[in-house]
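What follows is a short report on a single structure.
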Amino acid sequence: MAPKKVLLLCGDYMEDYEAMVPFQALQAYGVSVDAACPGKKAGDSCRTAVHQGIGHQTYAESRGHNFALNASFDEVNINEYDGLVIPGGRAPEYLAMDEKVLDLVRKFSDAKKPIASVCHGQLILAAAGVVQNRKCTAYPAVKPVLVAAGAKWEEADTMDKCTVDGNLVTAVAYDAHPEFVSLFVKALGGSVTGSNKRILFLCGDYMEDYEVMVPFQSLQALGCHVDAVCPDKGAGEKCPTAIHDFEGDQTYSEKPGHDFALTASFDNVDAPSYDALVIPGGRAPEYLALNDKVISLVKGFMDKAKPVASICHGQQILSAAGVLQGRKCTAYPAVKLNVVLGGATWLEPNPIDRCFTDGNLVTGAAWPGHPDFISQLMALLGIKVSF
């Protein structure tokens, strides 16, 4: 059967996670994803927004990554696509006033093709008139619009709630991504095998925002049990993250990212019970590489030849642990010195999204490489998505 192809409907200040997680997760599963925005063409970018609750009456907003589009909206042909994904954020407020957008959504709906919409994305569904008598959830503030549009509102007890009604999958917020993406894959005719795996993420303050959340939720969406730990922190505590972007300067820029919630305690983690280890990049690896307990943890996974996937600056930890001797490895270019001095054969990350597997070790250079990074880890774990 031919590979599946879906459209991601983008706009400036869509929510950062709500665009990138489904975009890269679906690609990692073998789905072709086109990202398009009205008034823009392939190669242009959309600015994104970081939305999160920090104790006020509504969520806070800050600048996210710049999201690169790979398709031109005016050239979109619905007949080429098997499904539609609509991120939330602030973009849907104005996209819901664009007749070309509404016509596109109606065509997907009329053709009974799967539509997955999250958070404020349901404003577009309401404006397009496709939620009449349909069960639907969304970010709570969207309720009045959906009710007025004739939807059968489903109250969200938690931010990870999803609802399915025929070809329509709706979710409250990015917390729901694991189920949201999984339900969309199922709606596309997909099935997952080999997902009974336990995976550990090695986290730290100011790890890169995408490099923790995208693989974390992508693996959860496959049905894996995924835990995130950080030295000196316990389950329920959070790590601030950093948004590292490429904006024309001599090096990457940094902005505050989302706060990432840990799921387990580092001191109590039963490392032998996990099938794989993932090490995000960002600034955290600089100091995690100085932690003897971290080094011991990494050595344990490598000594047992369990899959280890490390990206960007994460390889600073691998080098400090002395596990790169004789291995082939890539990383963010600035980390080449660590890799070479660690005894590895350097693999040039050109282009920057290249990833490599050497035995049990998967390495990548930066978050643009997530689709290959995740799919190569899936291959080591024996996880497959079939359509």
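The hydrophobic clustering, which links ILVMFWY residues whose side-chain heavy atoms are closer than 4.5 Å, places Val181 and Phe260 together. Ile243 and Tyr13 end up in different hydrophobic clusters when Ile, Leu, Val, Met, Phe, Trp and Tyr side chains are linked at under 4.5 Å. Under the 4.5 Å side-chain heavy-atom criterion for ILVMFWY residues, a single connected hydrophobic cluster contains both Leu9 and Met97. Note on Val130: it does not cluster hydrophobically with Val118, by side-chain heavy-atom contacts below 4.5 Å among ILVMFWY residues. Val323 and Phe356 fall into different hydrophobic clusters, where Ile, Leu, Val, Met, Phe, Trp and Tyr are joined by side-chain heavy atoms under 4.5 Å apart, directly or via other members.
Ring to ring, His244 and Trp367 are not that close: their centroids are 6.0 angstrom or more apart. Taking the six-membered ring where the residue is Trp, the centroids of Phe387 and Tyr29 are separated by 6.0 Å or more.
Between Lys306 and Asp275 no salt bridge is recorded (no basic side-chain N to carboxylate O distance below 4.0 Å). Of the charged side-chain nitrogens involved, at least one lies within less than 4.0 Å of a carboxylate oxygen, so that Lys143 and Glu155 count as a salt-bridged pair. Of the charged side-chain nitrogens involved, at least one lies within less than 4.0 Å of a carboxylate oxygen, so that Asp358 and Arg327 count as a salt-bridged pair. Salt-bridge formation is not detected for the pair Lys100/Asp103: no Lys NZ or Arg NE/NH1/NH2 atom is positioned less than 4.0 Å from an Asp or Glu carboxylate oxygen. In this structure, Glu247 pairs ionically with Lys255, as a charged nitrogen and a carboxylate oxygen lie closer than 4.0 Å. Electrostatic pairing of Asp165 and Arg134 counts as a salt bridge here, judged by a charged N lying under 4.0 Å from a carboxylate O.
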Assess the residue pair His177 and Asp175 against the criterion (side-chain hydrogen bond (donor to acceptor under 3.5 Å, both in side chains)); give the C-alpha distance rounded to whole Å, side-chain angles, the decisive distance to 0.1 Å, and a yes or no. CA-CA 6 Å; His177 276 153; Asp175 304 75; over 6 Å; no
Test side-chain contact (heavy atoms from CB on, under 4.5 Å) on Asp209 and His65; report intermediate values, then the result. CA-CA 9 Å; Asp209 200 10; His65 295 81; 4.2 Å; yes
For side-chain hydrogen bond (donor to acceptor under 3.5 Å, both in side chains), just list the numbers for Asn338 and Ser319, CA-CA rounded to whole Å, side-chain angles, deciding distance to a tenth of an Å, and then say yes or no. CA-CA 6 Å; Asn338 300 72; Ser319 179; 5.0 Å; no
Taking it one step at a time, do Met20 and Val214 satisfy side-chain contact (heavy atoms from CB on, under 4.5 Å)? CA-CA 7 Å; Met20 188 57 88; Val214 174; 4.0 Å; yes
Asp245 and Ser253: side-chain hydrogen bond (donor to acceptor under 3.5 Å, both in side chains), yes or no, with the steps? CA-CA 5 Å; Asp245 214 346; Ser253 63; 5.5 Å; no
Between Ser265 and Asp267, is the side-chain hydrogen bond (donor to acceptor under 3.5 Å, both in side chains) condition met? List the steps. CA-CA 6 Å; Ser265 168; Asp267 288 338; 5.2 Å; no
Under the criterion ring pair (Phe, Tyr, Trp, His ring centres under 6.0 Å), I'd like the reasoning laid out for Tyr274 against Phe301: C-alpha separation, chi angles, the key distance, then a yes or no. CA-CA 9 Å; Tyr274 293 92; Phe301 276 89; 7.2 Å; no
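Environment of NZ in Lys152: sparse, with no more than 12 heavy atoms of neighbouring residues, nucleotides or ligands closer than 6.0 Å.
Using modelled atom types, one finds a donor on one side chain and an acceptor on the other under 3.5 Å when comparing Ser273 with Arg198. Checked by atom type, the side-chain pair Ser117/Gln122 shows a donor-acceptor distance below 3.5 Å. Side-chain contact, Asp160 with Thr158: a donor N or O sits under 3.5 Å from an acceptor N or O. The closest side-chain donor-acceptor pair between Asn66 and Ser45, if any, does not fall under 3.5 angstrom.
Shortest non-hydrogen contact noted between Pro285 and Pro280 is CG-O, 3.6 Å. Residues Pro231 and Asn291 come closest through the heavy atom pair CB-ND2, 3.6 Å. In plain terms, the two heavy atoms of Asp98 and Pro38 that are nearest each other are OD2-CB, 3.6 Å.
Residues that satisfy the side chain to side chain contact (heavy atoms under 4.5 Å, CB included) test with Asn196, not counting sequence neighbours, are absent from this structure.
Looking at heavy atoms from C-beta onward, Val169 lies out of side-chain contact with Ile115 at the 4.5 angstrom threshold. Residues Ile317 and Leu202 have side chains in contact (heavy-atom distance under 4.5 Å, counting atoms from C-beta outward). Contact check for Val6 versus Leu84: no side-chain heavy atoms found under the 4.5 Å cut-off. Side-chain contact between Gln316 and Glu286 is present, with heavy atoms from C-beta onward closer than 4.5 Å. Put simply, the side chain of Met213 does not reach to within 4.5 Å of the side chain of His258, judged on heavy atoms. No side-chain heavy atom of Val50 sits under 4.5 Å from any side-chain heavy atom of Glu61. Residues Asp227 and Phe201 have side chains not in contact (no heavy-atom distance under 4.5 Å, counting atoms from C-beta outward).
Of the options Tyr174, Tyr210, Phe180, a ring-ring contact (aromatic ring centres under 6.0 Å, His included) to Tyr17 is made by Tyr174 and by none of the others. Checked against Arg90 for a side chain to side chain contact (heavy atoms under 4.5 Å, CB included), the options His51, Glu15, His120 give a single hit: His51.
The distance from atom SG of Cys203 to atom CG of Leu200, rounded to the nearest 0.5 Å, is 8.0 Å.
Listed by first and then second residue, the ring-ring contact (aromatic ring centres under 6.0 Å, His included) pairs that reach into residues 322-350 are Tyr252-Tyr332, His313-Tyr332, sequence neighbours excluded.
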